[in-house]
Amino acid sequence: VNIHAFERWLGDYGIRHGLRHRKVSEEMRAERVAVIGAGPAGLSCAFQLARHGYPVTVFEANAQAGGMLRYGIPAYKLPRAVLDAEIGAIKEMGVEIVCQSVIGQERGLADLKEEFSAIFIGIGAHGALKLGLAGEECANVISGARFLRLVHGGSLPEVGRQVLVVGGGDSSISAARVARRLGAEVTIVYRRSRAEMPAIEQEITAAEAEGVEILYLVAPLALEVEEGRVVAVECQRMELGAPDASGRRQPLAIVGATFRKECTMLIPAIGQRPQWRDVQPYVGEANWLQPDDDMALADNIYSGGDTLGLRLVTNAIGEGRRAAEGIMARLQGETGRGQVREQPVVGPGQLRLEYYERREPNRGACLPVDQRLAGGLDLELDRGLSQEQFQAEAQRCMSCGLCFECRQCLIFCPQLAISEDPQRPIGEVMSTDYNRCVGCHICAQSCPCAFIQMGMGEGL
């Protein structure tokens with residue numbers, strides 16, 4: 001099921017129709033919570049806390065909230081009107097966002113500890129790793145994170161005619177695609193093969209379609225500088241050896257195999273790290289924060305998002321929610337509330353596929369390649385699903401592991417032990433009278449979605 005596009009349609013529908021979030025509790029709690037960083041992790045944590053009546057203040061270093069959603073992800077993927085609407089909905093829940101407030105300058109972490117009952121750290125990873133080459137300090141050498149931050153902050157840098165991007169992650173792909181929209185010819189050099197490239201495959205394919213050249217098994221060796229600017233990069237051809245600590249095959253230089261690549265701007269995008277400031281005492285051995293299962297670093301300090309390592313926005317949102325649950329559990333004297341509950345995975349071998357009608361997937365519309373670059377930075381490429389496609393995609397869901405009221409168990413039960421119970425939660429609608437059940441397993445065998453799991457002492 002195209003769950004990504006499905007959830008996007010729901011979000012767009014909510015914005016268009018002015019739907020509002022509902023609070024779980026209208027009671028205003030006495031305990032105040034501080035959130036450092038208004039990125040996806042911090043906003044998620046603040047939102048969940050506010051839903052339960054906790055006063056939350058978010059401190060954001062940048063001029064606007066959003067973190068990497070605003071300063072990293074291009075507008076052609078995430079329109080700023082959508083982002084502003086989502087942030088506005090969070091603020092309507094009572095969340096206070098204080099921008100241009102850097103914890104560690106105007107006020108420190110110790111000050112927040114005295115003022116707030118709990119603190120969430122979601123500062124992201126905005127510090128760039130260096131290439132370690134002479135000339136890297138030149139004005140036309142800009143890290144991928146800083147390049148995207150400048151562009152999305154309204155300060156368009158002069159990229160010139162030929163941009164060279166170093167790296168194989170999502171930031172390198174985004175920087176390359178943005179540079180194409182600023183009018184440059186763009187080349188990415190990556191020291192491993194495409195199979196090891198960590199960027200999302202869909203992003204790589206889109207970049208290539210938009211004219212970005214990607215040179216694999218190539219690494220920068222030296223920078224050629226003239227009048228304070230990098231004018232070319234000496235590149236080293238590589239080959240793959242045995243796997244390194246990351247599990248990927250280690251790139252090894254091919255002796256004598258070098259070439260020169262001219263550039264008007266060099267964008268290294270080889271990795272990012274958080275800028276710790278007052279958070280340094282909580283940093284683990286790998287230079288990342290390492291919280292426990294409920295996202296706690298200490299008694300009243302929690303964390304999530306890219307402070308734990310570079311991952312996807314969805315990871316950050318989930319960690320923000322888990323941290324909020326952990327904070328609420330501690331403030332209310334509970335334990336284990338923020339921990340992840342593992343759900344059993346239901347695979348194709350457990351389903352009765354013959355029960356389901358085969359339906360073709362719905363992909364949605366995407367702007368043709370020949371129209372993308374002319375639209376600039378703000379032209380959204382993915383147009384999403386139509387309402388008809390949305391409804392058709394919903395019909396493709398097999399409800400794996402959850403009851404969808406097909407009533408097969410009720411129909412086939414020879415003991416009349418099963419009945420519908422509208423009071424039960426969605427996904428668990430049928431109920432069993434165990435005084436009638438004889439454990440014949442017919443209900444489990446007739447269940448198309450593998451909701452019914454039977455064993456010693458177990459049943460529907």
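Starting from 1, each residue takes its place in the sequence as its number. Everything numeric in this text was worked out from a predicted model, so none of it was measured.
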* Asked: Is the distance between the ring centroids of F47 and H21 less than 6.0 Å?
  -> yes

* Structure fact -> Closest non-hydrogen contact found for A125 with L310 is CB-CD2, 3.6 Å

* Asked: Is the closest side-chain heavy-atom distance between C366 and R372 below 4.5 Å?
  -> yes

* Partner of V159 by side chain to side chain contact (heavy atoms under 4.5 Å, CB included), out of V186, L182, V178 -> L182

* **Lys/Arg N to Asp/Glu carboxylate O, R181 vs D378, below 4.0 Å** => no

* To do: Could you tell me whether R194 and E201 make a salt bridge, using a distance below 4.0 angstrom between a side-chain N and a carboxylate O?
  => yes

* Supply the atom-to-atom distance L410 CG to C443 SG, rounded to the nearest 0.5 angstrom. => 11.0 Å

* Taking it one step at a time, do E185 and R180 satisfy salt bridge (charged side-chain N to carboxylate O under 4.0 Å, His left out)? -> CA-CA 6 Å; E185 296 298 319; R180 284 289 290 139; 3.6 Å; yes

* Asked: Are R273 and W288 close enough that some pair of their side-chain heavy atoms sits under 4.5 Å apart?
  -> yes

* Taking everything shown except N287 itself, do over 12 heavy atoms lie less than 6.0 Å from its CG? -> yes

* With side chain to side chain contact (heavy atoms under 4.5 Å, CB included) as the test, would you mind laying out the steps for R396 and E360 before giving the verdict? => CA-CA 8 Å; R396 299 184 65 245; E360 292 302 316; 5.9 Å; no

* Q202, CD atom: more than 12 neighbouring heavy atoms under 6.0 Å -> no

* Do N362 and E393 have side-chain atoms, one donor and one acceptor, less than 3.5 Å apart? -> yes

* **Donor-acceptor pair, side chain of K23 and main chain of M93, under 3.5 angstrom** => yes

* **Close side-chain approach of Q272 to L129, heavy-atom, < 4.5 Å** => no

* Asked: If you draw a 6.0 Å radius around OH in Y355, do more than 12 non-hydrogen atoms from other residues or ligands fall strictly inside?
  -> yes

* Asked: Do the side chains of Y356 and C449 get nearer than 4.5 Å, heavy atoms only?
  -> yes

* Nearest non-hydrogen partners of E319 and G305, listed with the distance -> OE1-N, 2.7 Å

* Asked: With a cut-off of 6.0 Å (strictly less than), are more than 12 heavy atoms of other residues, nucleotides or ligands near CZ of R146?
  -> no

* Could you tell me whether R16 atom CZ has more than 12 heavy atoms of other residues or ligands within 6.0 Å of it? => yes

* Q408 and S446 side chains, donor-acceptor separation under 3.5 Å -> no

* Asked: Does the S25 side chain pair with the main chain of E27, one donor and one acceptor, at a distance under 3.5 Å?
  -> yes

* Could you give the distance from OH (Y216) to CE (M197), rounded to the nearest 0.5 Å? -> 5.0 Å

* Asked: Sub-3.5 Å donor-acceptor pair from the side chain of N315 to the main-chain atoms of L312, do we have one?
  -> yes

* Structure fact -> Closest non-hydrogen atoms of M295 and P291, given as atom of the first, atom of the second and distance, are C-CB, 3.4 Å

* Applying side chain to side chain contact (heavy atoms under 4.5 Å, CB included) between I87 and each of L43, V82, L69, V95, report the one that passes. => L43

* To do: Would you sort out whether T187 and E213 count as a side-chain hydrogen bond (donor to acceptor under 3.5 Å, both in side chains), showing the intermediate values?
  => CA-CA 5 Å; T187 300; E213 179 186 25; 2.9 Å; yes

* Got a salt bridge between R359 and E357, using NZ or NE/NH1/NH2 to carboxylate O under 4.0 Å? -> yes

* Does atom CD1 of I426 have more than 12 heavy-atom neighbours, drawn from other residues, nucleotides or ligands, at distances under 6.0 Å? -> no

* Does S117 reach the main-chain N or O of E31 with its side chain, forming a donor-acceptor pair under 3.5 Å? -> no

* To do: Determine, for R436 against D433, whether the closest basic-nitrogen to carboxylate-oxygen distance falls under 4.0 angstrom.
  => yes

* **Pairwise side-chain contact, M265 with L164, heavy-atom cut-off 4.5 Å (strictly under)** => no

* Asked: Ignoring hydrogens and geometry, is there a side-chain-to-backbone donor-acceptor pair from R191 to M238 under 3.5 Å?
  -> no

* Asked: When rounded to the nearest 0.5 angstrom, what distance separates OG in S171 from CD1 in I270?
  -> 12.0 Å

* Look at the aromatic rings of F390 and W9 and report parallel, tilted or perpendicular, splitting at 30° and 60°. => parallel

* In terms of side-chain geometry, is the basic nitrogen of R51 or E26 positioned less than 4.0 Å from the acidic oxygen of its partner? -> no

* Asked: Looking at SG of C406 and CD1 of I411, how far apart are the two atoms once the value is rounded to the nearest 0.5 Å?
  -> 7.5 Å

* Student check: side-chain heavy atoms of Y76 and E380 closer than 4.5 Å -> no

* Would you say the side chain of I97 lies within less than 4.5 Å of the side chain of F59, judging by non-hydrogen atoms? -> no

* Asked: With distance as the sole test, does R80 use its side chain to make a donor-acceptor pair with the main-chain N or O of L78 at under 3.5 Å?
  -> yes

* Taking NZ, NE, NH1 and NH2 as the nitrogens, is one of them in D244 or R248 under 4.0 Å from a carboxylate oxygen of the other? -> no

* **N-O pairing of R352 and E354 below 4.0 Å** => yes

* Is there a donor-acceptor contact under 3.5 Å from the side chain of R424 to the main chain of M430? -> yes

* Asked: Do E60 and N62 get their side chains close enough for a donor-acceptor pair, meaning under 3.5 Å?
  -> yes

* Structure fact -> Scanning both residues in full, the closest heavy-atom pair of I142 with P157 reads CD1-CB, 4.4 Å

* To do: Compare all side-chain heavy atoms of F120 with those of V58 and state whether any distance is below 4.5 angstrom.
  => no

* Salt-bridge present (E420, R407; N to O < 4.0 Å) -> yes

* Structure fact -> When every non-hydrogen atom of S431 is compared with those of D421, the smallest separation belongs to OG-CB, 3.8 Å

* Side chain D292, main chain A296, donor-acceptor under 3.5 Å -> yes

* Structure fact -> Interatomic distance, CD@E210 vs CD@E208, rounded to 0.5 Å, equals 11.0 Å

* Minimum heavy-atom separation for F116 to V33, with atom names? -> CD2-C, 3.5 Å

* How long is the gap from CZ on R383 to CG on L367, to the nearest 0.5 Å? -> 5.0 Å

* To do: Spell out, as yes or no, whether a donor-acceptor pair under 3.5 Å connects the side chain of R192 to the backbone of R249.
  => yes

* **Salt bridge E203-R177, side-chain N to carboxylate O under 4.0 Å** => yes

* Asked: Does Y282 reach the main-chain N or O of I301 with its side chain, forming a donor-acceptor pair under 3.5 Å?
  -> no

